[in-house]
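See below for the structure under consideration.
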Amino acid sequence: VQAGSLTCDGCQRFYPIINGIPRLLADSLRTTVEKMGRGDPKNDTRIDIFMDEIKPVGKDTELFEKIQKANQSNYGYEWKAFSHSYNQWEYVYKKSYVHEDDSFFDKKLGLDAGCGMARYTMVPVKKGAEMIGVDLSNAVEPAYQKSKNIPNLHIIQGDLFKLPFKKAMFDFAQSIGVIHITPEPEAALTSIKKHVGPKNKIFLMVYRSFEDDNQFKHVLLKVASQMRRVTSRMPSDLLYAFLYLMVPVVFFGFYIPSLIFWHLPNGKKMSNMFPYSYEQYRDRRLRDMHMNLFDRFGNPVERRYNTKDMEDWMTRADFDSFHLEKDEGWNVVAINRE
């Protein structure tokens with residue numbers, strides 16, 4: 001269905017289908033059809049506050065909505081600008097985020113909560129899963145272009161806090177690099193969790209603070225956060241150009257020293273102390289570095305968690321069990337309760 005609408009019999013509200021994508025958004029997150037989901041530099045939305053603490057926004061509904069709209073704008077632009085595809089996405093997905101055997105995905109129904117342009121939504125599909133990818137932003141446009149000829153991949157524009165699904169309908173869910181930049185990460189996780197069946201798995205990746213085990217990287221992140229006070233407020237086109245010029249700085253300032261240490265005797269630990277390290281980027285492209293710089297410095301909100309933060313959060317989430325893995329971020333495998 002390329003165009004039309006979906007109607008809720010209970011509340012009599014309707015939601016448009018535009019360019020083949022159901023747009024299941026509240027009125028406050030809708031814009032004109034031409035700019036649906038924002039992501040247009042002429043409709044660039046930024047927030048005038050700076051947030052890098054893990055505390056939620058609380059009952060400030062105005063701030064909540066501002067962050068939602070700023071995320072919608074920032075990531076709509078990002079995933080339209082960086083909509084490239086290449087085979088390394090599957091390698092990165094399996095190496096860093098979801099370590100399950102291919103047989104895990106076969107004939108399962110999965111949710112990708114915050115799918116962006118569907119780079120990681122595609123991997124379970126290739127392994128036999130049926131996937132529904134949901135994103136708040138106009139990233140659904142390039143995601144749909146990737147999925148429109150794949151019968152077991154579906155893209156919806158929607159809100160993680162108001163997911164339009166039945167309870168416990170999914171066999172697994174994944175949310176990779178998403179919920180920590182939402183206004184209320186714990187509420188976002190609760191929303192995802194209620195749509196996953198009992199004893200089924202949820203895979204998450206959220207940012208690490210590195211204060212437990214890599215003070216060098218932790219301090220660099222503090223410095224970078226001061227840069228974010230400026231960059232997170234820049235217009236998207238200007239930020240894109242500025243970070244394009246930053247790629248050689250990062251490549252020669254971090255990646256090359258990391259590469260040198262990697263090949264020295266007993267140098268791997270030191271090599272991995274660097275951000276944008278050799279191990280992280282040796283199988284990727286420079287365009288990936290540009291993309292991740294945009295992701296890093298364009299974020300309207302950034303929260304990073306230490307070990308205690310994560311253990312406390314997952315305990316409050318009331319999973320049957322959970323496993324935490326340290327990588328460039330926190331990789332979490334959590335199992336839902338009955």
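Note that the numbering runs from 1 along the sequence shown for the chain. Everything numeric in this text was worked out from a predicted model, so none of it was measured.
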Problem - Partners passing side chain to side chain donor-acceptor pair (under 3.5 Å) against His195 (at least two apart in sequence or in another chain) - result: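 Listed in chain order: nothing, the list is empty.
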
Exercise for the section: Answer yes if the ring centres of Trp313 and Tyr305 are under 6.0 angstrom apart, and no otherwise. Expected result: yes

Side chain proximity check, [X] to [Y], heavy atoms < 4.5 angstrom:
{"X": "Tyr15", "Y": "Ile156", "value": "no"}
{"X": "Val196", "Y": "Leu111", "value": "no"}
{"X": "Ile150", "Y": "Met122", "value": "yes"}
{"X": "Pro198", "Y": "Asn336", "value": "no"}
{"X": "Lys148", "Y": "Gln145", "value": "yes"}
{"X": "Val206", "Y": "Pro185", "value": "no"}

Considering all heavy atoms of both residues, which atom of [X] and which atom of [Y] are nearest to each other, and what is their separation?
{"X": "Cys115", "Y": "Thr121", "result": "CB-OG1, 3.4 Å"}
{"X": "Ile192", "Y": "Ala113", "result": "CD1-CB, 3.6 Å"}
{"X": "Arg228", "Y": "Ser232", "result": "O-OG, 2.5 Å"}
{"X": "Ala118", "Y": "Ala143", "result": "CB-CB, 3.8 Å"}
{"X": "Pro142", "Y": "Met117", "result": "CG-CB, 3.9 Å"}
{"X": "Ser209", "Y": "His218", "result": "O-ND1, 2.8 Å"}

Taking [X] for the side chain and [Y] for the main chain, is one N or O donor matched with an acceptor at less than 3.5 Å?
{"X": "Gln174", "Y": "Tyr120", "value": "yes"}
{"X": "Thr315", "Y": "Glu311", "value": "yes"}
{"X": "Asn71", "Y": "Ile181", "value": "yes"}
{"X": "Arg23", "Y": "Ile21", "value": "yes"}
{"X": "Arg303", "Y": "Ile179", "value": "no"}
{"X": "Gln157", "Y": "Leu136", "value": "yes"}
{"X": "Ser73", "Y": "Ala70", "value": "no"}
{"X": "Asn200", "Y": "Phe170", "value": "yes"}
{"X": "Asp288", "Y": "Arg285", "value": "no"}
{"X": "Arg233", "Y": "Arg229", "value": "yes"}

At what distance, to the nearest 0.5 angstrom, does [atom1] of [X] lie from [atom2] of [Y]?
{"X": "Tyr255", "Y": "Tyr278", "atom1": "OH", "atom2": "OH", "value": "5.5 Å"}
{"X": "Leu29", "Y": "Ser137", "atom1": "CG", "atom2": "OG", "value": "11.5 Å"}
{"X": "His180", "Y": "Tyr207", "atom1": "NE2", "atom2": "OH", "value": "4.0 Å"}
{"X": "Asn138", "Y": "Trp79", "atom1": "CG", "atom2": "CH2", "value": "14.0 Å"}
{"X": "Met289", "Y": "Met291", "atom1": "CE", "atom2": "CE", "value": "11.0 Å"}
{"X": "Lys193", "Y": "Ile202", "atom1": "NZ", "atom2": "CD1", "value": "7.0 Å"}

Practice task
Using distance alone, with no hydrogens and no angle criterion, decide if Asp327 and Tyr97 have a side-chain donor and acceptor under 3.5 Å apart.
Solution key: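 No pair is found: no donor N or O on one side chain lies under 3.5 Å from an acceptor on the other.
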
Could you list all the salt bridge (Lys or Arg N to Asp or Glu O under 4.0 Å) pairs where at least one residue sits in [range], not counting sequence neighbours?
{"range": "residues 210-227", "value": "Arg208-Asp213, Asp213-Lys326, Lys217-Glu328"}
{"range": "residues 127-140", "value": "Glu90-Lys127, Asp102-Lys127"}
{"range": "residues 174-188", "value": "Glu186-Arg316"}
{"range": "residues 289-299", "value": "Arg296-Glu302"}

Quick one: do [X] and [Y] end up in the same hydrophobic cluster if we chain Ile, Leu, Val, Met, Phe, Trp and Tyr together by side-chain heavy atoms under 4.5 Å apart?
{"X": "Tyr244", "Y": "Tyr281", "answer": "no"}
{"X": "Val249", "Y": "Val219", "answer": "no"}
{"X": "Met310", "Y": "Ile335", "answer": "no"}

Exercise for the section: Step through the shown structure and confirm whether more than 12 heavy atoms of other residues, nucleotides or ligands are within 6.0 Å of CZ on Phe216. Expected result: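 Atom CZ in Phe216 is crowded, with more than 12 foreign heavy atoms closer than 6.0 Å.
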
Handout entry: Greater than 12 external heavy atoms within 6.0 Å of Gln2's CD
Key =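 Yes, CD of Gln2 has more than 12 neighbouring heavy atoms, counting only those of other groups under 6.0 Å.
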
Anything under 3.5 Å between a donor and an acceptor, one on a side chain of residues 161-168, the other on a protein residue two or more places apart or in another chain? List them.
none

Practice task
Could you walk me through whether Asp27 and Arg13 pass salt bridge (charged side-chain N to carboxylate O under 4.0 Å, His left out), step by step?
Solution key: CA-CA 10 Å; Asp27 292 342; Arg13 294 186 63 186; 3.2 Å; yes

Handout entry: Single hit among Leu189, Asn331, Val178, Ile176 for side chain to side chain contact (heavy atoms under 4.5 Å, CB included) with Leu204
Key = Leu189

Practice task
Would you mind listing the cluster partners of Phe210? Hydrophobic ones only (ILVMFWY), side-chain contacts under 4.5 Å, chaining allowed.
Solution key: Leu221

Quick one: list whatever passes side-chain contact (heavy atoms from CB on, under 4.5 Å) with [X], sequence neighbours left out.
{"X": "Lys108", "value": "Phe104, Asp171, Phe172"}
{"X": "Ser147", "value": "Tyr144, Leu153, Ile155"}
{"X": "Leu243", "value": "Leu239, Met246, His290, Leu293, Phe294, Phe297"}

Show which side-chain atoms of residues 264-277 pair as donor or acceptor with protein atoms under 3.5 Å away, not counting sequence neighbours.
from, atom 1, to, atom 2, distance (Å)
Ser271, OG, Ser258, O, 2.7
Ser271, OG, Ser258, OG, 2.7
Asn272, ND2, Lys268, O, 3.4
Asn272, ND2, Glu279, OE1, 3.0
Ser277, OG, Gln280, N, 3.3

Practice task
State which residues pass salt bridge (charged side-chain N to carboxylate O under 4.0 Å, His left out) with Lys308; sequence neighbours excluded, sorted by chain then number.
Solution key: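 Per chain and number, Lys308 pairs via salt bridge (charged side-chain N to carboxylate O under 4.0 Å, His left out) with Asp312.
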
